[in-house]
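Every chain is numbered from 1 and lettered A, B, ... according to where its sequence line falls, protein lines coming before strand lines. Bear in mind that the values here come from a model prediction, so they are computed numbers and not experimental data.
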Amino acid sequence: MSQFADRLLAWFDRDGRHDLPWQHPRTPYRVWLAEIMLQQTQVQTAIPYYTRFLDALPTLPDLAAADTDRVMALWAGLGYYARARNLHRAAQVCVLEHGGDLPDDFETLATLPGIGRSTAGAILAQAHGQRLAILDGNVKRTLARFHGVEGWPGSSPVEKKLWQLAESHLPDTRLADYTQAIMDFGATLCTRHDPACVLCPMQDDCVARREGRVGQLPEAKPGKPLPERRTLMLWVQDAQGRVLLSRRRGKGVWSGLWSLPETEGADAAREWLARHVAADFDAGEDLPVFEHVFSHYRLHIEPRRWRLSDAGVAEDARVGDNADLRWQPMENLHELGLPAPVKKLLGAPP
DNA sequence: AAGACGGGGGT
DNA sequence: ACCCCAGTCTT
């Protein structure tokens, strides 16, 4: 069934995007960075981050040699920070074990942190022309419609079926263009809302189109209400205009980023302040509560601010890059990766 | 098989 | 106020 690929490639040559930053040149490192950034992030959002990242770290060995805070700062604002940590670790593995390049065989590539089946296929197809399929959100939507596949594409059986279909359409040549084409097609023509079916070169063979079910496919994820959580954010400033930041550890949200210290309630805050900065909880000033929504819960942030009259003190504050706590000058916040709501809070004081 | 993981943009 | 997006990893 190469009709699908032939028509898609013809569409791409005429109507696809050929000016995306990772297309010129289409090197493994550049394609890799693009694929990781484009996981759960739209092209227009990713492009400024992409060009800035590549400008700062032009090659894979540059990335491997960069320190964590630099990488996280370049990623801050994109979200899903495990992508950045995995990218950094994978680059270091490539330098240590693969001569400073990304592996060019699927099995080895897909072993690297952050690179799964789809991303490995995307990299090898685009950078080396290998005949491998991808299955991202755009491809899932396109194939679900074209073949009339029922069910939520995130479920195992549906995903398995879609992988089969994706592989069945692979052309024998032009794999790099085909891979870019099918992603581009889903992003710009076979869109979630108001797809441009009248312009579609495959419309005559599209099951959803023929049966008038374009609006019903693919099926939506079964929904459920978001849980709610609350946290106290402690904004402590010293007389020199520095703010006390804490590096987030573990596997929770914002891992690897610097953020305001958090506690679950006033009692814990009282204790934390006494131990680290000898500040009086009651001397603090409540700032307006605001909300931050994640994909899996809704967070109510209760900020409270202290302005110390002396230079602040804190354990580990002078240890340097590996400390979990540091006094950071307000004017140098851009050096660190801050969670978006924290950046907003510190940058726009009420 | 299901849940965790961020933030921006569209409608 | 929802819904979605160039997925992967962990449990």
Position toward the 5' end of DNA chain C (nearest nucleotide), Lys140(A) or Arg298(A):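 Its nucleotide being nearer the 5' end, the pick is Arg298(A).
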Please tell me whether [X] and [Y] form a close aromatic pair, meaning their ring centres lie under 6.0 Å apart.
X	Y	value
Phe12(A)	His18(A)	yes
Phe185(A)	Trp11(A)	yes
Trp22(A)	Tyr50(A)	yes

Any salt bridge between [X] and [Y], counting N to O under 4.0 Å?
X	Y	value
Arg248(A)	Glu262(A)	yes
Asp204(A)	Arg7(A)	no
Asp136(A)	Arg141(A)	no

Sugar-phosphate or base contact per nucleotide [nucleotides 3-11 of chain B; S, B, -; heavy atom under 4.0 Å]: -SBBBSS--
With a 4.0 Å cut-off on heavy atoms, is [X] in touch with a base, just the backbone sugar-phosphate, or nothing at all?
X	result
Ala220(A)	sugar-phosphate
Val139(A)	nothing
Ile36(A)	nothing
Gln126(A)	nothing
Leu112(A)	sugar-phosphate
Trp32(A)	nothing

In whole angstrom, give the distance that lies between atom [atom1] of [X] and atom [atom2] of [N].
X	N	atom1	atom2	value
Leu217(A)	dC3(C)	CG	P	18 Å
Leu87(A)	dG7(C)	CG	P	16 Å
Met37(A)	dT8(C)	CE	P	16 Å
Arg26(A)	dA6(C)	CZ	C1'	15 Å
Asp136(A)	dC4(C)	CG	P	16 Å
Asp184(A)	dC5(C)	CG	C1'	15 Å

Quiz item: cation-pi between Arg304(A) and Trp235(A), 6.0 Å / 45°: no
Axial cation check for Phe294(A) ring with Arg229(A), 6.0 Å and 45° limits: no
Side-chain donor-acceptor contact under 3.5 Å, Gln39(A) with Thr119(A):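 Note: Gln39(A) and Thr119(A) side chains meet the donor-acceptor criterion.
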Thr119(A) vs dT8(C): side-chain N/O to OP1/OP2 distance below 4.0 Å: yes
ring-ring contact (aromatic ring centres under 6.0 Å, His included) partners of His128(A), counting only residues at least two apart: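 ring-ring contact (aromatic ring centres under 6.0 Å, His included) check on His128(A) returns nothing, list empty.
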Same-atom distance (P) from dA6(C) to dG3(B), integer angstrom: 23 Å
Per-nucleotide pairing state of DNA chain B [Watson-Crick or G-U, under 3.5 Å; [ ] pseudoknot-crossing; | other strand]: |||||.|||||
